[in-house]
Amino acid sequence: RKQAILQSMRSYKGWISDAFNRELGAPWGGSNVICPLDEELPKVFRTVKSYRTLASLIQLNDGLVAVDEDLRAIIEDLEPGLHRFWPIRIQMPKGVTYPGAYFGMLVGRFLDSFMPKESNPDAFRTGELAEDIYFLRGAASDTFSGVVFDGEAIGSSHLWRERKLLTISLFLSDTLKSRIDAANLRVPKCQVVKHVSVGN
């Protein structure tokens, strides 16, 4: 592992944090994204200010997301064993630990469901370094309504990241979002995107 880090000319931290929002085994940064060992995963996240409440889904550094115990249970119920979770302590200033259990999460599913040819060209742009990597042009609701996804490629997936559309961090199925709402869990604002059947 040390030799691979040296060959990739990356820092150890950067080499590990690639796994936070990239597909394991995929080429990235001059090497392949590695699967972190248990001892390499962050166990504590230190905040710069105190919080009275936190959402059930929170974004940490370097693309890492964390979920509370209730949301983890829902995700595991829908997709058991697919995503990787580990305990992570949220430590606020003055050594105060945020109450309640949180878990770091490595998303276990990446899809190629984005359909640029069927999407509104004003809603996204092509990456500068690769023609098959895309980014949204903004965060307005009409931007999200302009992108189209392949419903057959999504299938029965409930939580995933896209390989080629990098702007959106996480994708949730309607079923997962309904379970979140039914449990009265707080998550960042979700936008609805269009999915179609390629055969129609």
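Below, each value reflects all heavy atoms present in this structure, side chains not excepted, and no hydrogens, waters or symmetry copies.
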In Å and rounded to the nearest 0.5 Å, what is the [atom1] to [atom2] distance from [X] to [Y]?
| X | Y | atom1 | atom2 | answer |
| --- | --- | --- | --- | --- |
| S56 | I58 | OG | CD1 | 9.5 Å |
| S113 | L165 | OG | CG | 8.5 Å |
| I168 | L136 | CD1 | CG | 4.5 Å |
| E162 | I133 | CD | CD1 | 10.5 Å |
| F144 | N120 | CZ | CG | 14.0 Å |
| D18 | E23 | CG | CD | 13.0 Å |

Does NZ belonging to K13 count more than 12 external heavy atoms closer than 6.0 Å?
-> no
Is there any salt bridge (charged side-chain N to carboxylate O under 4.0 Å, His left out) pair reaching into residues 62-77, and which pairs are they, with sequence neighbours excluded?
-> D77-R179
Is there a path of hydrophobic side-chain contacts, each under 4.5 Å between heavy atoms of I/L/V/M/F/W/Y residues, joining [Y] to [X]?
| X | Y | value |
| --- | --- | --- |
| V187 | V67 | yes |
| V33 | L64 | no |
| F110 | L172 | no |
| L54 | M105 | no |
| L170 | L176 | yes |

Please identify each residue that fulfils side-chain contact (heavy atoms from CB on, under 4.5 Å) with D112, with sequence neighbours left out.
->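 Here the qualifying residues are R163, K164.
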Please identify each residue that fulfils side-chain contact (heavy atoms from CB on, under 4.5 Å) with A73, with sequence neighbours left out.
-> none
Hey, do the aromatic rings of Y134 and F114 have their centres closer than 6.0 Å?
->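 Yes.
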Test item: I74 and L185 side chains (from C-beta on) under 4.5 Å apart, heavy atoms |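 SC-SC contact between I74 and L185 confirmed.
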With side chains defined as the heavy atoms from C-beta onward, is the minimum distance between H195 and I154 less than 4.5 Å?
->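 In contact.
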Between V196 and D150, is a side-chain contact (heavy atoms from CB on, under 4.5 Å) present by the stated rule, with each step listed?
-> CA-CA 5 Å; V196 299; D150 181 356; 5.9 Å; no
Apply side-chain contact (heavy atoms from CB on, under 4.5 Å) to N61 and F20, showing your working.
-> CA-CA 9 Å; N61 290 0; F20 294 169; over 6 Å; no
Can you name the salt bridge (charged side-chain N to carboxylate O under 4.0 Å, His left out) partners of K177, sequence neighbours left out?
-> D181
Would you sort out whether V193 and V148 count as a side-chain contact (heavy atoms from CB on, under 4.5 Å), showing the intermediate values?
-> CA-CA 7 Å; V193 296; V148 179; over 6 Å; no
What donor-acceptor contacts under 3.5 angstrom involve side-chain atoms of residues 81-93, with partners at least two apart or in another chain?
residue: H83; atom: ND1; partner: G108; partner atom: N; Å: 2.8
residue: H83; atom: NE2; partner: E79; partner atom: OE1; Å: 2.6
residue: R84; atom: NH1; partner: P36; partner atom: O; Å: 2.9
residue: R84; atom: NH2; partner: P36; partner atom: O; Å: 3.1
residue: R84; atom: NH2; partner: D38; partner atom: OD1; Å: 2.8
residue: W86; atom: NE1; partner: P42; partner atom: O; Å: 2.7
residue: R89; atom: NH1; partner: Q91; partner atom: OE1; Å: 2.6

Side-chain donor/acceptor of T47 to backbone N/O of K49, under 3.5 Å |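 Side chain of T47 to backbone of K49: a pair is present.
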Going through the checks in order, is the side-chain contact (heavy atoms from CB on, under 4.5 Å) test met by L166 and R22?
-> CA-CA 10 Å; L166 303 185; R22 307 265 175 213; 3.9 Å; yes
Would you check, one step at a time, whether the test side-chain hydrogen bond (donor to acceptor under 3.5 Å, both in side chains) holds for T143 with R137?
-> CA-CA 7 Å; T143 299; R137 292 189 182 275; over 6 Å; no
For the residue pair [X] and [Y], what are the closest heavy atoms and their distance?
| X | Y | result |
| --- | --- | --- |
| S157 | S173 | O-CB, 3.4 Å |
| P27 | N32 | CA-OD1, 3.3 Å |
| H158 | T175 | CE1-CB, 3.6 Å |
| F124 | S119 | CE2-CB, 3.7 Å |

Got a sec, which residues hit ring-ring contact (aromatic ring centres under 6.0 Å, His included) with F171, two or more places apart in sequence or on another chain?
->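 With sequence neighbours excluded, F171 shows a ring-ring contact (aromatic ring centres under 6.0 Å, His included) to F149, W160, given in chain and number order.
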